[in-house]
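Below you'll find the structure, written out as structure tokens, and then a few comments.
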Amino acid sequence: MSIDFPLILVLGTLITGLVWLIDILFLRKKREQFAADIPEDVAVEAKAELRVPLVIEYSISFFPVLLIVLVLRSFLFEPFQIPTGSMIPTLKIGDFILVNKYVYGLRLPVAGNLILPVDEPKNGEVMVFIPPHEDDYFIKRVVGIPGDVIRYENKQLYINEEQQPLEFVEQVPPLNPKYLVYKEELGEVEHLIHRNPFKDTRVLEWEIPEGYYFMMGDNRDHSSDSRYWGLVSEENIVGKAVAVWMHKDPGWKFPVLSQNRWIQ
């Protein structure tokens with residue numbers, strides 16, 4: 001079971017903030033009044049009551065830090081690490097990405113309710129979200145928005161009966177290839193995808209209702225996405241992936257900054 005970090009962050013901010021507020025409104029005044037009533041020649045030990053309790057001291061120290069982190073993470077940007085290869089070649093396992101949280105509208109932490117609309121996801125954008133079948137962050141590319149009819153035939157993507165431009169780049173390795181590389185255009189976004197060399201004669205079609213999105217990984221034959229577990233509700237949108245800011249290979253490897261790039 002994954003740790004619900006947003007919930008922990010919200011609770012930590014609320015608790016430390018409440019302790020800080022109680023100290024300002026009630027406890028601090030009592031300490032100051034007690035100090036004023038102590039005679040000047042009283043023993044030092046008697047002034048121990050003036051010390052700020054550790055719980056209050058820690059709350060005062062941590063509350064502003066937690067509040068800043070909460071605001072930044074909930075409404076502006078959030079870091080995220082790529083755990084699988086479903087978005088290869090666009091994103092690799094071990095990439096650390098930055099997710100823009102406000103580009104699709106401001107949402108309440110934990111609950112996810114939209115409180116201020118800004119923009120809507122567009123086909124071709126890389127989006128972080130919570131899928132319908134698992135309470136965890138996923139990252140895929142938007143290939144279907146409300147009102148679209150998506151067809152996937154012979155590993156070719158059609159949106160509203162229009163075949164999306166696809167250009168062969170290379171096969172890897174050149175002899176007995178394990179995968180094929182194509183350049184695909186979705187909306188205004190041009191990106192690379194991987195496909196295996198085997199044919200697929202199935203014809204799959206989906207109609208996207210209002211408030212839902214169809215997601216696919218760029219590693220088309222090695223991606224668990226909307227083709228298998230369904231559509232993504234707008235309530236479960238986290239944000240738009242905008243940049244890779246660090247990369248770390250699995251194992252005891254040092255992180256590197258040489259692979260930093262914008263995400264297309």
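All residue numbers in this chain count up from 1 along the given sequence.
Under a 3.5 Å cut-off, the side chain of Asn123 and the backbone N or O of Gly144 do form a donor-acceptor pair. With Asp148 contributing its side chain and Ile145 its backbone, the two residues share a donor-acceptor pair below 3.5 Å. Asn100 places no side-chain N or O within 3.5 Å of a backbone atom of Val242 that could act as its donor or acceptor partner.
Scanning both residues, Pro174 and Gln171, for their nearest heavy atoms gives O-NE2, 2.6 Å. The minimum heavy-atom distance between Leu186 and Val143, with the atom names listed, is CD1-CG1, 3.6 Å. Counting all heavy atoms, side chain and backbone alike, Ile88 lies closest to Lys92 at CG1-CA, 4.4 Å. In terms of heavy atoms, Tyr152 sits closest to Arg227 at CE2-NH1, 3.5 Å. Taking each heavy atom of Pro146 and Gly211 in turn, the nearest pair found is CG-N, 3.8 Å. For Tyr228 against Ser224, the heavy-atom pair with the smallest separation is CD1-CA, 4.2 Å.
For Phe198, the CZ atom is loosely surrounded, since the number of other residues' heavy atoms within 6.0 Å does not exceed 12. Around CD of Gln156, the count of heavy atoms belonging to other residues, nucleotides or ligands within 6.0 Å exceeds 12. Counting non-hydrogen atoms of other residues, nucleotides and ligands closer than 6.0 Å to CD of Glu205 gives a total above 12. Atom OH of Tyr182 is surrounded by more than 12 heavy atoms from other residues, nucleotides or ligands within 6.0 Å. By the 6.0 Å contact criterion, NZ on Lys122 is enclosed, its count of non-hydrogen atoms from other residues, nucleotides or ligands being greater than 12. By the neighbour-count criterion of 12 heavy atoms within 6.0 Å, atom CG of Asn176 is sparsely surrounded, having that number or fewer from other residues, nucleotides or ligands. Counted within 6.0 Å of CD on Gln164, heavy atoms from surrounding residues, nucleotides or ligands total more than 12; the atom is thus considered enclosed.
A salt bridge does not link Arg141 with Asp225: every distance from a Lys NZ or Arg NE/NH1/NH2 to an Asp or Glu carboxylate oxygen is 4.0 Å or more. Salt bridge annotation for Glu184-Arg220: present, with a cationic side-chain nitrogen under 4.0 angstrom from a carboxylate oxygen.
Note that the CE atom of Met87 and the CG atom of Asp218 stand 3.5 Å from one another [nearest 0.5 Å]. In this structure, Asp95 CG and Met246 CE are separated by 10.0 Å, a value rounded to the nearest 0.5 Å. We find the CZ-CD distance between Arg151 and Gln163 to be 8.5 Å, quoted to the nearest 0.5 Å. Note that CD1 of Ile93 is 8.5 Å distant from OG of Ser86, once rounded to the nearest 0.5 Å. The CG atom of Leu257 sits 11.5 Å away from atom NE2 of His247, with the distance rounded to the nearest 0.5 Å. For the atom pair CE of Met215 and CG of Leu231, the computed distance is 10.5 Å after rounding to the nearest 0.5 Å.
Ring orientation note: the planes of Phe138 and Phe129 are tilted relative to one another, at an angle of 30° to 60°. Relative ring orientation between Trp206 and Phe214 is described as tilted, the plane-to-plane angle lying within the 30° to 60° band.
One hydrophobic cluster, built from ILVMFWY side chains closer than 4.5 Å, holds both Leu91 and Phe80. When the side chains of ILVMFWY residues are joined at heavy-atom separations under 4.5 Å, either directly or via intervening members, Val189 and Leu192 end up in two distinct hydrophobic clusters. Residues Trp20 and Ile22 share a hydrophobic cluster, clusters being chains of Ile/Leu/Val/Met/Phe/Trp/Tyr side chains in contact below 4.5 Å. At a threshold of 4.5 Å between side-chain heavy atoms, the hydrophobic network of Ile, Leu, Val, Met, Phe, Trp and Tyr places Ile237 and Val142 in one connected group. A continuous path of ILVMFWY side-chain contacts below 4.5 Å connects Val103 to Met127, so both sit in one hydrophobic cluster.
In this structure, the side chains of His194 and Pro89 come closer than 4.5 Å at one or more pairs of heavy atoms. With a 4.5 Å cut-off on side-chain heavy atoms, Lys140 and Met216 do not count as touching. In this structure the side chain of Ile263 reaches within 4.5 angstrom of the side chain of Val244, judged on heavy atoms. With a 4.5 Å cut-off on side-chain heavy atoms, Lys101 and Val238 count as touching. The shortest side-chain heavy-atom distance between Ile139 and Val99 does not fall under the 4.5 Å cut-off. Between Ile150 and Ile159, the closest side-chain pair of non-hydrogen atoms falls below 4.5 Å.
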Trace of the side chain to side chain contact (heavy atoms under 4.5 Å, CB included) decision for Val149 with Asn160: CA-CA 5 Å; Val149 176; Asn160 300 324; 4.0 Å; yes

Residues Arg195, Leu166; criterion side chain to side chain contact (heavy atoms under 4.5 Å, CB included); working and verdict: CA-CA 12 Å; Arg195 295 186 350 192; Leu166 197 66; 3.4 Å; yes

Glu190 and Lys183: CA distance, side-chain angles, deciding distance, side chain to side chain contact (heavy atoms under 4.5 Å, CB included) verdict: CA-CA 7 Å; Glu190 185 177 86; Lys183 182 186 296 182; 3.3 Å; yes

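Residues Glu125 and Tyr213 bring no donor and acceptor atom of their side chains to less than 3.5 Å of each other.
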